[in-house]
There are 2 protein chains.
Amino acid sequence: MNHLSHFVHTLPDTAPKTARGQKTWVRILEAAEQEFGEKGFHDAAITGITQRAGVAMGTFYVHFKSKEEIFRTLIVHMGKLTRSWIGQRVAEAPSRLEAERMGLQAFIEFVRQHKNLYRIVNEAQFVAPEAYRDYYAAFSQAYQRRLDEAVGRGEIEPGNNEHRAWALIGASVFLGQHYGIWDDSVDLQDVTSNVGDLIVNGLSRKGDGKTDNKGDRE
Amino acid sequence: MNHLSHFVHTLPDTAPKTARGQKTWVRILEAAEQEFGEKGFHDAAITGITQRAGVAMGTFYVHFKSKEEIFRTLIVHMGKLTRSWIGQRVAEAPSRLEAERMGLQAFIEFVRQHKNLYRIVNEAQFVAPEAYRDYYAAFSQAYQRRLDEAVGRGEIEPGNNEHRAWALIGASVFLGQHYGIWDDSVDLQDVTSNVGDLIVNGLSRKGDGKTDNKGDRE
DNA sequence: TTTCAATATGACGGCTGATTCATGTCTTGG
DNA sequence: CCAAGACATGAATCAGCCGTCATATTGAAA
């Protein structure tokens, strides 16, 4: 909720000029996050947003051109917020492999604390496809860069890090959906240590040293 | 497109009684897939569906109770279709590990051939959440069962297969989104062999035999 | 051939909700 | 203090489209 006070740092070029205007701008955006998060884009009403914000209908259009515009603004902001949260947590990791586990954990925790945000981002796929792609493209690029660096340091096996990044992001998103939104009672440590192991070691049996996937017996 | 003739096998209890009625039922469903796929649920119009189907407005309501009902019908059908497609392809796999690669490949191919379906299923998250959860729950259960069996046969390392299943499904879905919908020019073999290797062997360097993720140097 | 349940029709009622606009009230620089 | 721009107001406008209904047609069983 009050993470949205971060909006203060995201004031666009079209930002309100006066302190009064800025305060209203932020309050409308906060209200929009709740409204969109609870009802979804289509069921959300401008009047719902303005009522939550305690302003009149018309005030909305003083600050935003349309329902879609405020939605896009929200997406951009949330991308920044999520990446900075995870980046901070992952920065403490001793190695890339450990970072995988910590990043996953940080992500699901974040989802649990920002269910509205999560829903809004997902819905962007249909409401604002450009914003949605940009959102994940930013994640993917950051992820790839980290993987590249880890390969450079010899921490992980070389491989196509773009493909890897999308696969790992997808895994995180679905785990976030399942264990963050649908069932937030599950112990996170449990999930992340299991999946962390999957990411680090894969499914294959330890000890038969097999790396190729060709020609099994039978 | 003509995969929808499979609808014939999905006739519900409320199905039309006569051959004429069934034919109409199927045509409306086919039309709905196109309309929803192209415009999304909210921008899709009943008149759009009936025009594509070549029937009058009212005919729609002879066969379906509402816009949402036909949408849910579509989701259920598509779940069956997808699982059967992948199941068939995966059945030919010599081992669970190879099945992972083949399953991923089959899935992305399927997505490329059914972009409408893909969009509709994703949108179900907001239009028909129950149907959406059921859709993925069915996948997850099937996936878990296969992993359990593979563990039983000693093909893969034991671990929490529920967590694994969600992670792997998420990876597939995102790879499908990226390499199936957004960029379908990429060579699939390339993607699936890379990601297949990630799933089977993980990120860790081969040869340092490390299995734990505790206490690295530095 | 007769009958009637199943199926088809499409104009219309009704509601919702985004956006506009004409009119006020602040706030600030000079 | 006083413009003049910035900001706020909310009733009115306007458009879209879901779902209903009274009526017509079909076709298969009797």
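Note that this is a predicted model, so its numbers are computed, not measured. Here is the naming used below: chain letters follow the sequence lines, and residue numbers restart at 1 for every chain.
Applying the side chain to side chain donor-acceptor pair (under 3.5 Å) criterion to Arg145(A), with sequence neighbours excluded, gives Glu149(A). When the ring-ring contact (aromatic ring centres under 6.0 Å, His included) test is applied to Phe174(B), the partners found at least two apart in sequence or on another chain are Tyr136(A). Take Phe60(B) and apply the ring-ring contact (aromatic ring centres under 6.0 Å, His included) test, not counting sequence neighbours, and it matches Phe64(B).
Phe41(B) and Phe36(B) have parallel rings, their planes meeting at less than 30° on a 0 to 90° scale where 60° marks the start of perpendicular.
Distance alone, capped at 3.5 Å, places no donor-acceptor pair between the Glu98(A) side chain and the Pro94(A) backbone. For the pair Asn194(A) (side chain) and Asp190(A) (backbone), a donor-acceptor distance under 3.5 Å is present.
The span of DNA chain C lying next to chain A, judged by atoms under 4.0 Å from heavy atoms, is bounded 5' to 3' by dA18(C) to dT27(C).
In the region residues 122-130 of chain A, proximity to DNA chain C at under 4.0 angstrom, judged on heavy atoms, holds for none of the residues.
Note: Leu168(A) CG to Phe139(A) CZ = 13.5 Å, rounded to the nearest 0.5 Å. Atoms CZ and CD1, from Arg96(B) and Ile199(B) in turn, are 9.5 Å apart once rounded to the nearest 0.5 Å. Atom CZ of residue Phe126(A) and atom NE2 of residue His42(A) lie 9.5 Å apart, to the nearest 0.5 angstrom.
Closest approach of Asn122(B) to Gln125(A), counting heavy atoms only: OD1-NE2, 3.1 Å.
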Letter per nucleotide, 5' to 3', of nucleotides 7-26 of chain D [B base touched, S only sugar-phosphate touched, - untouched; heavy atoms, 4.0 Å]: SBBB-------SBB-----B
